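The structure under discussion appears below in the form of structure tokens.
Remember, it's a predicted structure, so these values are computed and weren't measured experimentally. Within every chain, numbering begins at 1; the chains are lettered A, B, ... in the order of the sequence lines, protein sequences first and strands thereafter.
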Amino acid sequence: MEILSSAGLLAGLNSEQLAAVTWPAQPALVLAGAGSGKTRVLTTRIAWLLQTGQASVHSILAVTFTNKAAKEMQLRLSALLPVSVRAMWLGTFHGLCHRFLRLHHQEAGLPKTFQILDIGDQLAVVKRLLKQLNIADEVIAPRSLQGFINAQKENGLRASRLTARDPHERLMIECYAAYDSLCQNEGVVDFAELMLRSYEILQSNDVLRCHYQNRFNHVLIDEFQDTNKLQYAWLKLLAGEHAAVFAVGDDDQSIYRFRGAEVANMTRFLHEFGVSEPIRLEQNYRSVGNILTAANAVIAHNASRLGKNLHTESGSGEKIRVLQAINDIEEAQFVVDEVKALHREGLDYMQMGILYRSNAQSRVLEQALFRAGIPYKIYGGLRFYERQEIKHALAYLRLAVNPDDDNALLRVINVPTRGIGTRTIENIQAAASQTGTSLWQAASSLAAKNSKIAAFIHLIENLQAQTAQVSLPELMAAAIYDSGLMEYYRTQKGEQQERINNLEELLNAAVAFKPQESGFDSEPEYDENDPLFAVLSFLSTASLEAGEHQAGQGEDALQLMTVHAAKGLEFDAVFLTGLEEGLFPSEYSMAEKDGLEEERRLMYVAITRARKRLYLTMAQQRLLHGQTHFALPSRFVDEIPECVLQYLSAHKNTLVARQQITQRTNPFHSSRSKLADTPASTDFDGFQLGQNVHHERFGTGVIIEASHKAEGARLTINFGKQGIKELDTVFAKSKLTIIS
DNA sequence: GAAGCCCTTGTTTTT
DNA sequence: CAAGGGCTTC
């Protein structure tokens, strides 16, 4: 019977997918190429495990990196089976660790009402700490300390386990220790702490560890290539000896090394879990052949890979269009013209994506789109819950549940202005450090002498009293209105309407919020009748999900984003812009070991976003940081076989023959030339700044500087591998050919 | 406590 | 270039 019913579930899977889905209860590593039906395999496997009785909703742990992916899985799973998805431990690493810590806050040594610090909150704590310790920004930059702390935690290391190799490092470690105790005192945890603390509890608490190890017999992980050391260790600990770990990932799409992701976890997994060979999903259901050829060719240049080659049953499709524009403005104009043409042909804007390596590149594109009146959506701005007005409002809520949260207190003690200035705050801080208490307690003790402080204390106490009595939306309303926050934005001059709208939106979110969806209701340990329940869930969700990453929804709009942000998405047409040496691959990356391979994976991700049509564009000249940069086309373009490319000229979409550019294996650094240095005349004995030229001895280069001479001109040319050369046109002209 | 000025700084960013 | 932070000034 079960086999019969599972047949429907398995229908339509290809043989590799089928093998993965029905893999026995043993560890498996699935190498899932881009567009190979990875999510389908994961969800179908869960459904299959449930339907065949191999697992129950309680015995499955399914982990993703993003909330989006978790929701997607949830959605697809409930479409496959009538299961109570909520009862299942399906969520993000951080979401699940949060759930774990809420359930076991006592074992974890955390207050019941502990709050989560997002990156901004964390930076504020770090700054406060450095000030308190009297360490100047020049000695330790707040951001560097923040990065240090997070990196250590992601490696599973507490300050006590670190040894300093120099005085500066010693200071950093001391700060790390001080930071942790500060957070502990205030009852707050940062993102990395959610993971580390969970891991430590599981490690040290035998009862809990055994409970969870016995509970989960199937552990499934998505995007395994992005796991860091700690996440790997956490998974291994939870899985214990007997759980079947099903890891799905693609080493070629590992693009978060800078955040601690370790691709090596994939090979480590193979060894440590005794998996002899990964299951490869190589059939691609997304892109046409030419695009896959390009992707395969580019990624083949990477040395350290598990190895995989995408293929498709759809035809080769159109060739990939390549355009080198004179400058970034023309590049943008080209994109706009093509977008318009595609739209006229019936392609929706939302089916087109413009990708770039860094956010700074969006500006020029945006301007061109704006002038052309094309609707567009940019991913990457401030998220909803990161906006200051939202954070202010939530800070009131946080104080209501946990007044020792100094961060929250400092954020709103004088917003709206209530006459508690720098002076008064310093007094409170002094009192707090003297008695070793929180700012809230210090402020309370000063309230008798200061009516302004007393008013603030009274406001918060009022909110506190309400948490036990009123519903979440009512409490939210109190936080927004009773605090005077709404009135503050109403009376402020300038464009505050947006902020007012956002506060109203926040209220709507509180009304619509369903705390049950956080999954706690299925946990016997958690009392959902506790009035705090909804508030804590809401605040945690705000920190962990932070809301949509884009502005304006609904309408048909062109999608603009970084390549990183595009991971997991797909478009009919993709414009991959700014393909220049120094930009993509970025100059930065070339300095570090294996940096170039990571950039190449990024390129691979970018190419595989396109279904039918792909444009690769670059500019000879680009304004960056207020300086004109000249650069050669990205080496990645040269790694694509000529046969799938179609070169377009800068001005008209006519095919032009392009000279074969050879010998481009070493880093080319994009070179800069100050605008001020640029002479009025643009012609230097037949050459121009930014031109790509070929020299019979030095190979291909870009003209980065030029000056007139009595006879001819002197050119400074970056030949990349061959170095930067100064040539006189009088002698060199015959040896130089202009490429573009 | 707000406005204005100068200075620095500048990849990517799932949680 | 242009945004954000720190500082001064009113």
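- In this entry the distance linking CE of A/Met590 with C1' of B/dT11 reads 12 Å, nearest Å.
- Considering only the side chain of A/His564, B/dT12 comes nearest among B/dG1, B/dT14, B/dT12.
- Atom P of nucleotide B/dT12 and atom CE of A/Met561 are separated by 15 Å, given to the nearest angstrom.
- Under the salt bridge (charged side-chain N to carboxylate O under 4.0 Å, His left out) criterion, A/Lys452 pairs with no residue at all, not counting sequence neighbours.
- Residue order along DNA chain B, read from the 5' end via each residue's closest nucleotide, puts A/Asn414 first among A/Ser543 and A/Asn414.
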Checklist line | Letter per nucleotide, 5' to 3', of nucleotides 1-10 of chain C [B base touched, S only sugar-phosphate touched, - untouched; heavy atoms, 4.0 Å] | finding: BSS-------

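- Side chain A/Arg259 to base B/dT15: a donor-acceptor pair is found below 3.5 Å.
- Using a 4.0 Å heavy-atom distance criterion, A/Glu592 is classed as a base contact.
- When each of B/dT11, B/dT15, B/dA2 is scored by its nearest atom to the side-chain atoms of A/Thr417, the top-ranked nucleotide is B/dA2.
- Taking the side chain to side chain contact (heavy atoms under 4.5 Å, CB included) definition, one finds that A/Asp180 meets it with A/Lys153, A/Arg158, A/Tyr176, A/Glu193, sequence neighbours left out.
- Sorted by first and then second residue, the pairs that involve residues 137-149 of chain A and meet side chain to side chain donor-acceptor pair (under 3.5 Å), not counting sequence neighbours, are A/Gln122-A/Gln146.
- The base of B/dT12 sits with one of its N or O atoms less than 3.5 Å from a complementary donor or acceptor on the side chain of A/Arg357.
- Residue A/Tyr256 is classed as a base contact, given a heavy-atom separation below 4.0 Å to a base.
- At a threshold of 4.0 Å, the pair A/Asp118-A/Arg383 does not count as salt-bridged, since none of the basic side-chain nitrogens sits closer than that to a carboxylate oxygen.
- Residues that satisfy the salt bridge (charged side-chain N to carboxylate O under 4.0 Å, His left out) test with A/Arg418, not counting sequence neighbours, are absent from this structure.
- The side chain of A/Ala565 sits closest to B/dT13 out of B/dT11, B/dT13, B/dT14.
- Proximity of A/Asn67 to the phosphate of B/dT14: no side-chain N or O atom is located under 4.0 Å from OP1 or OP2.
- Using a 4.0 Å cut-off between charged side-chain N and carboxylate O, A/Glu72 and A/Arg76 make a salt bridge.
- You can call A/Phe258 stacked on the base of B/dT12; the centres are under 5.5 Å apart and the planes sit within 30°.
- Checking A/Glu592, A/Glu154, A/Glu597, A/Glu599 one by one against A/Arg257, the salt bridge (charged side-chain N to carboxylate O under 4.0 Å, His left out) holds for a single residue, A/Glu592.
- Rounded to a whole Å, the CG atom of A/Asp250 is 16 Å from the C1' atom of B/dT14.
- Between A/Trp89 and A/Tyr212, the gap from one ring centroid to the other is short of 6.0 Å.
- Among the atoms of the strands shown, none is found under 4.0 Å from any heavy atom of A/Glu138.
- Taking the C1' atoms as reference points, B/dT14 lies 25 Å from C/dA3, given to the whole Å.
- Between A/Leu602 atom CG and B/dT12 atom C1' the separation is 7 Å, expressed in whole Å.
- Within the 4.0 Å cut-off from OP1 or OP2 of B/dG10, not a single side-chain nitrogen or oxygen of A/Asn359 is found.
- Atoms CZ (A/Phe65) and C1' (B/dT13) sit 13 Å apart, rounded to a whole Å.
- Contact annotation: A/Thr562 reaches the phosphate of B/dT13 (side-chain N/O to OP1 or OP2, under 4.0 Å).
- Contact between the side-chain N/O atoms of A/Arg383 and the OP1/OP2 oxygens of B/dT15 is found at a separation under 4.0 Å.
- Spacing between C/dG5 and B/dT12 at atom C1', rounded to whole Å, works out to 23 Å.
- When the salt bridge (charged side-chain N to carboxylate O under 4.0 Å, His left out) test is applied to A/Lys131, no partner is found at least two apart in sequence or on another chain.
- For the pair A/Glu426 CD and B/dG1 P, the interatomic distance rounds to 13 Å; values are reported in whole Å.
- In this structure, A/Gln361 places its CD atom 11 Å from C1' of B/dT12, rounding to the nearest Å.
- In this structure, A/Leu624 atom CG and B/dT9 atom P are separated by 18 Å, rounded to whole Å.
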